[in-house]
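Here the structure comes first, spelled out in structure tokens, and everything after it is commentary.
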Amino acid sequence: GTRCGTRFANNVFRAMGTGAFHTAVEVHGQELSFAFTPAADMPTGVFLCLPRSCINHTFRETVPMGETALSAMEVEALVDEMAKEWPGQSY
């Protein structure tokens, strides 16, 4: 998170091997995330941003997960489908 209390708690809990961390997936130069959103503003919780630049979270580390065989267009189509299935109010 971006709040001082959340950062402090995560620093303490991380030493114990736990914490409350935001995660995202970087693919084809975009960071894909999921978060709470009010239905009136944005019905899906799936959103894109530039890697490591989500304003609601503090970047901590990158964990390599491999590469995708999907093209950028295939990823976009998959994200469009996921966005329908992951409403922001279900976060």
Side-chain angles (χ1 to χ4, degrees):
T2 57
R3 295 188 177 138
C4 290
T6 304
R7 271 186 277 173
F8 175 78
N10 277 334
N11 286 334
V12 171
F13 290 131
R14 187 165 191 206
M16 294 182 250
T18 189
F21 301 101
H22 169 77
T23 60
V25 176
E26 183 180 337
V27 62
H28 295 296
Q30 294 284 333
E31 184 175 291
L32 300 159
S33 297
F34 176 69
F36 173 80
T37 56
D41 292 79
M42 178 186 247
T44 182
V46 177
F47 66 96
L48 294 168
C49 64
L50 292 174
R52 304 177 187 172
S53 66
C54 182
I55 62 171
N56 295 317
H57 302 283
T58 302
F59 176 77
R60 183 176 288 264
E61 68 182 293
T62 296
V63 178
M65 296 172 52
E67 297 183 12
T68 181
L70 300 178
S71 70
M73 287 177 31
E74 290 170 320
V75 169
E76 184 177 341
L78 179 60
V79 171
D80 287 345
E81 287 303 309
M82 290 172 58
K84 296 172 191 171
E85 297 174 22
W86 291 64
Q89 292 184 319
S90 71
Y91 184 79

Looking at Val25, Leu32, Val27, which one forms a side-chain contact (heavy atoms from CB on, under 4.5 Å) with Val79?
-> Leu32
Calculate, to the nearest 0.5 Å, the distance between atoms CZ and CZ belonging to Arg52 and Arg60 respectively.
->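 Answer for the CZ-CZ pair, Arg52 versus Arg60, is 14.5 Å.
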So CD of Glu76 and CG of Leu48: to nearest 0.5 Å the spacing works out to 8.5 Å
How close do [X] and [Y] get, counting heavy atoms only, and between which atoms?
X     : Y     : answer
Thr37 : Gly88 : OG1-CA, 3.2 Å
Glu74 : Ala69 : OE1-O, 4.2 Å
Ala24 : Ser33 : CB-OG, 3.3 Å

In terms of heavy-atom contacts, does CE of Met16 have more than 12 from other residues, nucleotides or ligands at under 6.0 Å?
-> yes
Might you confirm whether atom CZ of Phe13 has over 12 heavy atoms from other residues, nucleotides or ligands at distances under 6.0 Å?
->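 Atom CZ in Phe13 is not crowded, with 12 or fewer foreign heavy atoms closer than 6.0 Å.
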Same cluster or not: are Met82 and Phe47 linked, directly or through other Ile, Leu, Val, Met, Phe, Trp or Tyr residues, by side-chain heavy atoms under 4.5 angstrom apart?
->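 Met82 and Phe47: separate clusters.
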With side-chain contact (heavy atoms from CB on, under 4.5 Å) as the test, would you mind laying out the steps for Phe36 and Ser90 before giving the verdict?
-> CA-CA 7 Å; Phe36 173 80; Ser90 71; over 6 Å; no
His28 side chain vs Leu70 backbone, donor-acceptor pair below 3.5 Å | yes
Would you check if the side chain of Thr44 reaches a backbone N or O of Trp86 as a donor-acceptor pair within less than 3.5 Å?
-> yes
Would you please test Glu31 and Ser53 for side-chain contact (heavy atoms from CB on, under 4.5 Å) and show each step?
-> CA-CA 9 Å; Glu31 184 175 291; Ser53 66; over 6 Å; no
